[in-house]
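Here is the structure we will look at.
Atoms within each ligand, like the ligands themselves, are counted from 1 in listed order. Positions are given from 1, in the same order as the sequence printed here.
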Amino acid sequence: MANRKHIRPKSLLVLLALVILPILAACGTVDSAQTTINPQSDVAREIQGTYAFIFWVSVVVFVVVEGALVYAVFRYRRRPNSGMPKQTEGNMVLEVTWTIIPALILVAIAVPTWITIFRTDDIPAGSYIINVTGHQWWWEVEYPDVGLVTANEIRVPSDRTIGFHLETEDVLHSFWVPALFGKIDLVPGRTNTVWFTPDVETEGQMFLGQCVEFCGLSHANMRMRIFVDSPDDFAAWTAGLQSPAPEPSGVAATGHELFSSKGCTVCHSINGAYDAAGLFPAPNLTGFGSRVTLAGAIMENNATNLTAWLDNPEEIKPGNIMYKEAEAYKNPDLALTDADIGALVAYLQTLQ
Ligand code: CUA
């Protein structure tokens, strides 16, 4: 045990902990879900390479500048009986030198940055294209080649370069899965792009991401997941969503009827079952039962959470359009009873 005599005052330790803990927390480990320093795609590695280069240049600058400072402080410190030091004013050589050196460092940083920007700019020809549309507060994900629309969970084949076309239905959002690609804004009236090729060893893995542009009340509840599937798994997934959902029976059949009688179909489409009028943008629920998460990928998709979500979506995701606009929440005549919610949960879970 430590000898108590040598321990500094408690308050100092607490202060030290307060300063150090947030710093350590920010560092995390390479296993941290959304760390930027564990790239797992070609594009993320390019960005990481640029970052590492700039980091080490900064380390050299730091060591040289601080070293010179510390040296000067000690070497030229005031000593007893040392009078007024020699006064100088202006030094052309010194000033030119300390202007040119930083300028050269900036050029050395700018050139690889530009190279990375241009190299990662355009989606390579032959990429697998996925259209992503930002909404307050969820991501619409469209696979144009197979005519599928889903939300928040993006499945990609591991053997292709993936290109995203990014648009927004309302305000600015920003699309980011740190391990796979850099941040890219979704700007009203524009189509932005980003792409990546997953590393071979990412097959079967899931990557976390989220909106990184403040976009309103539930900005923090606008998350996403990218699943890198084997080509076979990906083909099976798209085929599964293209085939009609099984005919619901029992309580799920009741839920199936409620889904339309309570007005859910005004906004939610389900391939082969309902085609929404599109009054308000809402996630397409095709294959909803096979999704891992719900409500903008903020919670696990299970019966308990889905019940809580349908019971009071406002509590889970403040400001969401469903709570504001859906008749089931606005119109007391259409309000959902516990039994209704149970039936809807049963029906939604059949959507595999
Ligand atoms: Cu969308 Cu923040």
Enumerate the side chain to side chain donor-acceptor pair (under 3.5 Å) contacts for residues 308-332, please, sequence neighbours excluded, ordered by first and then second residue.
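Every candidate side chain to side chain donor-acceptor pair (under 3.5 Å) pair involving residues 308-332 fails, so no pair, neighbours aside, qualifies.
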Under 3.5 Å side-chain donor-acceptor pair for [X] and [Y]:
| X | Y | value |
| --- | --- | --- |
| Thr197 | Thr161 | yes |
| Asp199 | Thr202 | no |
| Thr293 | Asn301 | no |

N, O or S atoms of the protein lying under 2.8 Å from atom 1 (Cu) of ligand 1
His173 ND1, Cys211 SG, Cys215 SG, Met222 SD
For Gln136, enumerate each residue passing the side chain to side chain donor-acceptor pair (under 3.5 Å) test, keeping only those at least two apart in sequence or located in another chain.
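With neighbours one apart ignored, the set is empty.
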Remaining members of hydrophobic cluster (4.5 Å side-chain criterion), Val96:
Met92, Ile100, Leu104
